[in-house]
Number of protein chains: 4
Amino acid sequence: MAAPDHPHSSQRRGRPRSAAADRAILAATRAALVEVGWGRLTMGEVAHRAGVAKTTLYRRWAAKSELVLDAVAVLFDELELPDRGCLRADVEGVVLSFAALLRRPETKTALMAVLAESTTDEALRSRIRQAIVDRQKRLVLDGRSRAQRRGELPPDPADPAETAQVVDLIFDVIAGAVVHRSLVSDRPVDEAWARQFATLLLDGLGAVSPGPRPCPPEAQGPLPSSAEAGARQRPGER
Amino acid sequence: MAAPDHPHSSQRRGRPRSAAADRAILAATRAALVEVGWGRLTMGEVAHRAGVAKTTLYRRWAAKSELVLDAVAVLFDELELPDRGCLRADVEGVVLSFAALLRRPETKTALMAVLAESTTDEALRSRIRQAIVDRQKRLVLDGRSRAQRRGELPPDPADPAETAQVVDLIFDVIAGAVVHRSLVSDRPVDEAWARQFATLLLDGLGAVSPGPRPCPPEAQGPLPSSAEAGARQRPGER
Amino acid sequence: MAAPDHPHSSQRRGRPRSAAADRAILAATRAALVEVGWGRLTMGEVAHRAGVAKTTLYRRWAAKSELVLDAVAVLFDELELPDRGCLRADVEGVVLSFAALLRRPETKTALMAVLAESTTDEALRSRIRQAIVDRQKRLVLDGRSRAQRRGELPPDPADPAETAQVVDLIFDVIAGAVVHRSLVSDRPVDEAWARQFATLLLDGLGAVSPGPRPCPPEAQGPLPSSAEAGARQRPGER
Amino acid sequence: MAAPDHPHSSQRRGRPRSAAADRAILAATRAALVEVGWGRLTMGEVAHRAGVAKTTLYRRWAAKSELVLDAVAVLFDELELPDRGCLRADVEGVVLSFAALLRRPETKTALMAVLAESTTDEALRSRIRQAIVDRQKRLVLDGRSRAQRRGELPPDPADPAETAQVVDLIFDVIAGAVVHRSLVSDRPVDEAWARQFATLLLDGLGAVSPGPRPCPPEAQGPLPSSAEAGARQRPGER
DNA sequence: AAGTAAGCGAGACGGTACGTCCTGTCTTTTC
DNA sequence: GAAAAGACAGGACGTACCGTCTCGCTTACTT
């Protein structure tokens with residue numbers, strides 16, 4: 001996952017590359033992102049923090065953007081979709097979790113910077129989709145099938161392309177709205193906003209594909225723990 | 001509008017700043033953005049293209065990000081909301097116009113780069129909101145009042161805060177979804193997607209605030225000309 | 001003397017140049033030389049100290065070196081040759097006076113810097129000779145004629161070119177040796193050194209042109225007051 | 001010799017500094033001095049001529065003055081004291097050699113500029129003495145002991161401090177007079193002047209310390225070849 | 001008294017060089 | 001043969017001065 005492209009398949013000759021160095025470099029990258037942000041992040045600084053020579057970095061990653069992408073992609077994998085009882089609550093939960101992740105300094109600075117770089121670099125754009133975007137569509141798919149199991153949503157239509165289209169739309173709307181609210185409008189993504197947004201999304205969905213049934217008020221579980229876990233300082237990260 | 005902060009109110013002493021230099025610099029910045037993108041854009045290159053000394057740049061803008069912001073902000077002002085007959089058509093129109101604007105290389109590279117910088121710079125964040133985000137909320141407000149005039153939407157509620165909240169939500173959802181679809185998912189924002197998205201939005205809106213009436217099919221006007229005008233090379237811009 | 005080249009011959013039209021500005025500029029130049037030396041002396045700084053615009057400087061002096069030359073040349077005019085009773089004592093006196101002048105920070109930094117500039121600028125070289133070098137040959141001529149009046153030296157030979165040659169030699173030897181001792185060898189020019197040097201010079205002179213008679217010990221007057229006056233802070237100079 | 005301060009004692013880690021770069025930089029500095037003089041000499045230009053990055057210069061020399069000092073100091077080492085048969089002829093020879101060296105554009109512009117800088121920089125002053133002044137006292141010492149071997153001068157006095165004092169005086173007088181004649185008075189140091197000066201010096205010396213015997217006319221050898229060698233373009237220097 | 005021509009303080013202007021920082025490559029020795 | 005160390009060529013940075021150029025006054029002589 002966060003490993004760089006080692007075509008080490010069958011053990012090559014000479015000294016093998018140090019896996020510890022990989023881990024140290026990615027951790028150092030995240031730490032440096034927190035402290036200085038993308039703009040002042042330098043390869044030399046990362047190498048120094050990781051106790052590694054610059055050559056070792058360049059042997060593994062071709063560019064700063066790829067290193068940073070690998071360093072933060074793993075953080076997005078920590079997003080979860082806890083079962084809060086009904087679809088609306090699950091949507092609110094994932095919105096709040098995602099917003100919490102975007103509140104972490106390394107995540108927001110790295111994500112936006114890498115996206116900015118990708119506007120002029122198709123290869124990087126593809127790498128971002130692969131490492132972050134497409135991986136997190138699982139959240140939509142999971143929430144969808146869970147709602148179907150609960151009977152809140154009808155089963156998938158016969159044509160899988162139609163499903164994919166709706167999933168893409170939902171993902172773009174959720175991710176786009178949360179990012180825009182958090183990083184552009186710079187206003188808090190709190191429970192009130194999440195509720196309002198979930199309402200808009202779910203009622204709107206009913207028009208796009210057969211809609212959800214209303215959510216019984218007593219069914220809502222607690223807020224997902226990960227929503228706040230993201231904001232806490234993670235132990236052992238540096 | 002795109003002028004840097006000249007507190008020249010009452011004629012100050014000494015030689016006044018050259019307005020021609022301002023224009024040349026902003027035009028050179030846009031041209032350079034098209035050719036080399038944000039990453040390879042240098043202050044020296046901009047100065048050279050504008051036939052201006054570097055000091056003249058730094059006298060007006062403290063940082064590359066502020067210069068670029070001023071250079072592209074004016075492009076967002078060209079967005080219009082042509083009357084296409086009904087609210088749904090107006091939404092589709094603005095979505096397509098905005099997507100066309102984001103297809104221009106200078107717009108997308110500059111917007112994302114400036115947003116990335118702004119994640120660690122509150123002053124820049126505020127400046128972006130002022131120069132771009134808040135200015136374009138006029139599109140939502142215009143569309144809204146036009147629909148109210150048509151009778152498609154009920155009049156504003158008594159509490160103006162409530163209206164503001166809904167307008168913000170709509171703006172975050174539209175802008176966020178279009179940006180995410182265009183620049184992250186990297187899939188086309190075409191008429192089919194715009195229709196699907198407008199459906200989701202308008203039906204969702206009905207749940208958030210009293211909803212729109214259905215759109216008479218015969219009422220839809222033509223696509224806004226600006227949707228494609230943005231993608232064309234602008235004459236005389238060098 | 002310290003006035004720049006005003007070809008104001010017959011009163012020109014328009015507002016006349018301010019003589020106060022001239023004085024303020026030269027004083028500011030000397031003050032700045034003391035504080036920051038030649039290397040960090042800037043035209044802008046001088047203008048600011050003098051309460052004058054840069055244009056006013058450039059209207060009068062074409063280059064920093066010319067301004068500085070005019071500013072310090074006047075200091076060399078303060079050198080005097082007090083009558084200390086015999087030629088040897090007069091020589092020692094002028095050596096000590098000159099060394100005291102070279103101990104002043106503005107004098108030494110300006111003199112050497114202007115000489116350095118002049119190695120690649122014939123016009124400046126000529127201007128230096130005119131403003132400083134040739135003017136101070138009067139000291140040698142005065143000392144010489146005084147010694148002749150005392151009978152310590154024979155009258156000038158018939159050929160004035162021969163006299164000029166010897167005067168030049170004496171001047172080069174005195175000025176050169178004192179400057180070298182002070183600024184290159186960086187060792188003190190004290191009474192002991194002055195005595196030793198005067199001995200070498202006067203005895204050597206006897207071989208070049210008919211020599212001096214010995215100096216009666218009781219004839220030596222006091223040290224010239226100007227020898228130390230130069231080292232004191234001059235009142236009212238800034 | 002002209003190498004900058006490498007405390008590389010026992011082979012350090014990492015890539016060692018390039019000795020070829022050192023040589024190229026010093027040669028480029030001399031060449032640039034000839035062409036543009038001290039005033040227009042820039043670090044960037046030197047780096048460019050030497051085919052080296054500016055950082056490589058700054059890694060070795062902290063300031064332009066130190067670089068230039070190292071670049072020209074080596075030229076002063078080429079001064080020699082050929083045996084011309086008697087002390088007077090040797091003095092004339094060294095005076096002419098020194099004057100020839102000061103006729104070279106790089107030498108005069110660099111020497112005076114570095115001395116000017118040194119008036120406000122004690123460290124540089126000390127570095128100049130070490131690299132140029134004290135090294136060339138060997139010429140006085142050599143001439144002196146050679147004259148003693150010939151019997152033209154008595155052996156050194158018992159007190160070595162007395163000898164040092166006289167040597168310093170001689171050096172200041174010779175170097176000072178030649179520099180002043182050449183660069184300040186701007187008059188030629190030719191054989192006639194050298195003869196007159198040598199006469200003054202040697203006869204004067206007799207009064208300071210026990211003097212030289214007269215020089216037998218038939219003993220004078222030819223002019224030192226180095227007197228003119230310095231003015232010729234040196235082969236293979238760039 | 002009005003006109004006019006230069007001087008003047010202020011500060012923007014096109015430039016040049018500065019000395020620093022970072023990039024990505026290379027050459028060493030050590031493991 | 002990978003790794004740490006650090007020198008290397010290159011290039012952009014943001015700053016400091018340069019010497020010139022407008023500006024809107026001010027000052028004195030000319031009519």
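Throughout, a chain's letter reflects where its sequence line sits, starting with A, and its residues are numbered from 1.
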Euclidean distance, atom CZ of residue C:Arg49 to atom C1' of F:dC17 [Å, nearest integer]: 16 Å
Nearest-nucleotide comparison on DNA chain F, the residue closer to the 5′ end among D:Val52 and C:Glu45: D:Val52
A:Thr109 (side chain) donor-acceptor with A:Gly37 (main chain) under 3.5 angstrom: no
Separation of E:dC22 C1' from D:Tyr58 OH (nearest whole Å): 17 Å
B:Lys64 (side chain) donor-acceptor with B:Leu41 (main chain) under 3.5 angstrom: yes
Residue whose closest nucleotide on DNA chain E lies nearer the 5' end, A:Thr42 versus B:Ala21: B:Ala21
B:Arg59 side-chain N/O to F:dT15 phosphate OP1/OP2 under 4.0 Å: no
Between E:dC18 (C1') and D:Leu41 (CG): distance, integer Å: 13 Å
N or O in side chain of B:Thr56 less than 4.0 angstrom from E:dG14 OP1/OP2: yes
Interatomic distance, A:Lys54 NZ vs F:dA2 P [rounded to whole Å]: 19 Å
Of C:Ala50 and A:Met43, the one whose closest DNA chain E nucleotide lies more 5': C:Ala50
Rounded interatomic separation in angstrom, taking CZ from B:Arg17 and C1' from E:dA10: 13 Å
Phosphate OP1/OP2 of E:dT4: any C:Arg13 side-chain N/O under 4.0 Å: no
Closest-nucleotide ordering on DNA chain F, the 5'-leading residue of C:Lys64 and D:Gly51: D:Gly51
Nucleotide E:dC18, atom P - distance to CG of D:Leu67 in whole Å: 11 Å
B:Leu57 CG to E:dG14 C1', straight-line distance once rounded to whole Å: 12 Å
Charged N-O contact under 4.0 Å between A:Arg127 and A:Asp70: yes
Electrostatic pair B:Asp22:B:Arg17 at N-O distance under 4.0 angstrom: no
Distance test, side-chain N/O of B:Thr55 to OP1/OP2 of E:dA12, below 4.0 Å: no
Residues D:Glu35, D:Arg49: salt bridge by 4.0 Å N-O rule: yes
Nucleotide F:dA4, atom C1' - distance to CZ of D:Arg15 in whole Å: 15 Å
